[in-house]
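In this chain, residues are counted from 1 in sequence order. In this text, all values refer to a predicted model and were calculated from it rather than measured experimentally.
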Amino acid sequence: MEYISGVVERITYANEENGFCVIKIKSKGFSDLVTVVGNLAAVNVGATLRLKGDWKFDSKFGKQFNAIDYRETVPATIAGIEKYLGSGLIKGIGPAYARRIVGHFKEETLRVIEEEADYLINVDGIGQKRVDMIKKAWKEQKEIKNVMLFLQSNGVSTAYAVKIYKTYGNESISIVKSNPFRLADDIWGIGFKTADKIAQQLGFDKNSFERCRSGIIYVLNELSNDGHCYATREQLVAATVKMLELEEGLIDATVDRMIEEKSVIPDENNAIYLPTFYFSETGTVKRIKEILSGQASKQTIDVDQMISEIQREHDISYDQVQLDAIRTAAMSKLMVLTGGPGTGKTTTTLAIIKVFQKMGRKVLLAAPTGRAAKRMSETTGMESKTIHRLLEFKPAEGYQKNAENPLECDALIIDETSMVDVILMYNLLKAVANETIVILVGDVDQLPSVGAGNVLKDIIDSGVVNVIRLTRIFRQALGSAIITNAHRINKGEMPNLKGGRSSDFFYIEEEDPQKTAETIKSLCVKRLPEYYKVDAINDIQVLCPMQRGAAGAQNLNSILQEALNPTDITMKYGGTVYRLNDKVMQIKNNYDKNVFNGDIGTISKIDMEDKTLAIRFDGNDVDYDATELDEVVLAYATTVHKSQGSEYKIVVAPFTMQHYMMLQRNLLYTCVTRAKKIFVLVGSKKAIGIAVSNSKIQQRNTMLAKRLQEKNGG
């Protein structure tokens, strides 16, 4: 083994997953910079290192020092200190502040920051707020570095170090050592497999209760990510046995112990639930039954007369099904209004609102997402909120509107109900008084909610609630190929792909996924913006069946970002470069920030000194620390699943055989119905044909319909 020392001049490559880095150091006795490779993830530019390892010759990159261990010492020169501080190591100090601080304190800089940081106030341009930020960041970076080195020595991604430190603070290493499986429970983004990897490195017993328990919870969570509220006991045991490679008896015994300690809940139907989903499902059933049995208004009303007045006042004529819907809404406690595009859902909803208003009833409107709520406001002329805002959600305290403090209204209308999962529906219904009329509006043929459950379909299938299904396509909608093709797809018929010049539905045949991506780039960057005079970033949305592949959302995002937003004001996190003005999407409910899974925003500010950025959602700027960017993805292209509840002026969609796994009728139908003005389908007829003919919808494990039908269910 040999030793070399030197100052890190630059980091050429860093893999945040495994900590492998390629760095260049300036070392005494070498005229050129020395290339060093190895696990060096906690190292920053400007750091002085003493490295242990050996030399090797790489045929492509030449002579390199292969480091197997290193020790960091503080930089000795003023230039080294400045480079070290300005490398982004400490939040609050970028290159500009590093220059000022080192200019003021010279060789004493690091000692001052370590021991007498309050003196930083004497540096020109540094206020008390920044001094406090630097003190906190200096302390944190020392601790985080320890966590990083600990993780690195156990073969785990150092990218998790900041998250672990933010969750556990100075106890991070001791907590991870005592029970690494806590990571999977406590920290978003760290799954069971990562926790298990750490446990194996630390020598944990493969048969331990902690490992079995964590594996079972992981399997149940993974199933909930696929929409399931529960697993059958056999399904749960089999999946856990396969993943953990353990005996069935051991997992069976663990399930029994977890039932005893109430960390999972069994059901007489052989189902095993995580508590959240069990209480949400049974609670939803209980609330629906209570609302249905609640006292309706005793007010005697002539609904037909009101409808006649509305038709006269607004010069409109409702068809028989719409009239049934309006009458049913006025006389029901809970009703579902469903139908595809162009069937008059909006017109009927407006009529229902007008009848309620004529009856003197206070009406509240809500939808699951900001975009859906905004659209509801535009079509009704009334205020519509997201369900979270309607329920006055506060991060630390939860929903302010609840059973003790219900919503003050006589009627509640929820749009895009197909998107509402079982947890959100339970919290909504808890806040509804038994006397309130509830109208659920949505297209049941769309994809179900991203979260667990299939609430709208289950309520319809139960047969206990009044359901009006609108089927007739109105004359003005028949002129739209988007609408007629959506209905053709829904009936299992091939869409009409011959789009004329005046059409709103176009098809470009392309078999090769790579060429499909090139065609989509050309459409988004040049052809569509020029022809329709639209904003390429905000008015056009690419919707993909899946993330992966040449024509998947990930690849198309990097292509479109490069073409549409080539600015050099950037921040890198993980493998993604985020640029000022990038279109991005939140992929996790963040109650502290009041942003939710599927919300789309624009990066409005990037601060390299503070390592923060701001994203504008619905006119509000929300601050993000660089370490929080795993909650955000580029959104020039996104998946059809993530587009629910949104409408876009122009939708461009690739459907290729590379997407074979995801080619389903309800996916294509949902995709087409997201387009307001223009829909462009790029891909192969074979892939489109497979999607149209594949009506097999994965059945979700949910008992909602069954419980609603039971006399004592819920």
Side-chain angles (χ1 to χ4, degrees), residues 319 321-322 337-346 348 416 418 442-448 454 456-457 460-461 467-511 516 519 541-546 551 639-641 643-644 646-648 650-699:
D319 75 0
V321 184
Q322 288 179 307
L337 177 66
T338 187
T343 58
K345 278 202 308 295
T346 302
T348 309
E416 296 286 357
S418 62
D443 184 348
V444 76
D445 295 316
Q446 279 186 33
L447 290 166
N454 202 347
L456 184 64
K457 184 177 183 297
I460 293 170
D461 290 350
V467 177
I468 301 289
R469 185 186 275 268
L470 303 172
T471 53
R472 177 188 157 206
I473 307 173
F474 282 85
R475 193 175 66 239
Q476 62 269 32
L478 283 167
S480 162
I482 289 173
I483 288 173
T484 52
N485 275 335
H487 285 277
R488 287 176 71 95
I489 290 162
N490 204 25
K491 287 190 283 190
E493 297 169 10
M494 216 34 199
N496 180 357
L497 300 175
K498 292 188 180 75
R501 204 169 183 76
S502 61
S503 179
D504 58 2
F505 187 108
F506 299 94
Y507 170 63
I508 299 170
E509 187 160 13
E510 187 51 77
E511 298 290 334
T516 299
T519 301
Q541 184 62 53
V542 178
L543 297 182
C544 308
M546 60 199 290
T639 61
V640 180
H641 281 85
S643 73
Q644 287 170 266
S646 298
E647 277 187 346
Y648 314 95
I650 299 176
V651 169
V652 180
F655 267 72
T656 72
M657 289 306 292
Q658 204 175 48
H659 301 134
Y660 182 79
M661 296 278 294
M662 297 299 292
L663 298 177
Q664 288 179 320
R665 186 185 298 172
N666 61 351
L667 185 101
L668 180 56
Y669 173 75
T670 303
C671 184
V672 172
T673 56
R674 298 308 89 209
K676 262 198 296 195
K677 304 279 185 198
I678 302 294
F679 182 79
V680 186
L681 192 53
V682 185
S684 77
K685 283 181 183 163
K686 186 179 178 186
I688 296 161
I690 288 169
V692 168
S693 60
N694 182 10
S695 62
K696 285 195 199 85
I697 298 166
Q698 184 206 12
Q699 290 304 311

For this session: Nearest 0.5 Å please: distance from the CD atom of E416 over to the CG atom of L456.
Result: 10.5 Å
For this session: Please check if the side chain of T656 supplies one atom and the backbone of G683 the other of a donor-acceptor pair under 3.5 Å.
Result: no
Exercise. Yes or no on side chain to side chain donor-acceptor pair (under 3.5 Å) for E510 and T516, after CA distance, side-chain angles and deciding distance?
Worked result: CA-CA 6 Å; E510 187 51 77; T516 299; 5.2 Å; no
Seminar exercise, completed: Interatomic distance, OG@S684 vs CD1@I690, rounded to 0.5 Å, equals 7.0 Å
For this session: Starting from the C-alpha separation in whole Å, work towards a yes-or-no answer on side chain to side chain contact (heavy atoms under 4.5 Å, CB included) for F505 and L681.
Result: CA-CA 8 Å; F505 187 108; L681 192 53; 4.3 Å; yes
Exercise. Are the side chain of R674 and the backbone N or O of S646 linked by a donor-acceptor pair below 3.5 Å?
Worked result: yes
Problem set entry | Steps toward side chain to side chain contact (heavy atoms under 4.5 Å, CB included) verdict (I688, L668) | CA-CA 8 Å; I688 296 161; L668 180 56; 4.1 Å; yes
Problem set entry | Taking every non-hydrogen atom, the tightest pair across M494 and R488 | O-NE, 2.9 Å
Problem set entry | Nearest-0.5 Å distance, CG of residue N490 to OG1 of residue T471 | 11.5 Å
Problem set entry | pair C671-F655: side-chain heavy atoms closer than 4.5 Å | yes
For this session: Hey, could you give me the OG/NE2 distance between S480 and H487, rounded to the nearest 0.5 Å?
Result: 9.0 Å
For this session: Please examine the side chains of I678 and V651, heavy atoms only from C-beta on, and report whether any two atoms are closer than 4.5 Å.
Result: no
Exercise. Is a side-chain donor or acceptor of T670 paired with a backbone partner of L447 at a separation under 3.5 angstrom?
Worked result: yes
Problem set entry | Donor-acceptor under 3.5 Å (D504 side chain, I482 main chain) | yes
For this session: Find out whether N496 and N485 are in side-chain contact, i.e. whether some heavy atom of one side chain is under 4.5 Å from a heavy atom of the other.
Result: yes
Exercise. Would you find a donor on one side and an acceptor on the other, under 3.5 Å apart, between the side chain of Y648 and the backbone of K677?
Worked result: no
For this session: Say whether, by atom type as modelled, one donor and one acceptor occur between the side chain of N454 and the main chain of P448 under 3.5 angstrom.
Result: no
Problem set entry | Side-chain donor/acceptor of T338 to backbone N/O of G442, under 3.5 Å | yes
Exercise. Considering all heavy atoms of both residues, which atom of P654 and which atom of P545 are nearest to each other, and what is their separation?
Worked result: O-CD, 3.1 Å
Problem set entry | I483 CD1 to F679 CZ distance, which is reported to the nearest 0.5 Å | 13.5 Å
Problem set entry | Flag, side chain of Y507 to backbone of P495, donor-acceptor distance under 3.5 Å | no
Exercise. Considering all heavy atoms of both residues, which atom of Y669 and which atom of A486 are nearest to each other, and what is their separation?
Worked result: CD1-O, 3.2 Å
Problem set entry | For the student: nearest non-hydrogen atoms of K345 and L337, plus distance | O-CD2, 4.0 Å
Exercise. Going from CG on L497 to CZ on F506, what distance comes out if it is rounded to the nearest 0.5 angstrom?
Worked result: 12.5 Å
Seminar exercise, completed: Between T673 and P341 the two heavy atoms that sit nearest each other are CG2-CG, 3.6 Å
Exercise. Only one of R665, R469, K457 clears salt bridge (charged side-chain N to carboxylate O under 4.0 Å, His left out) with D445; which?
Worked result: R469
Exercise. Taking all atoms of both residues into account, what is the closest heavy-atom pair of S643 and L543, and its distance?
Worked result: CB-CD2, 3.6 Å
Exercise. Are D443 and Q446 close enough, and set up right, to give a side chain to side chain contact (heavy atoms under 4.5 Å, CB included), and what steps lead you there?
Worked result: CA-CA 6 Å; D443 184 348; Q446 279 186 33; 3.6 Å; yes
For this session: Please examine the side chains of R472 and V321, heavy atoms only from C-beta on, and report whether any two atoms are closer than 4.5 Å.
Result: no
Exercise. Going through the distances and angles, do I650 and Q541 end up as a side chain to side chain contact (heavy atoms under 4.5 Å, CB included)?
Worked result: CA-CA 6 Å; I650 299 176; Q541 184 62 53; over 6 Å; no
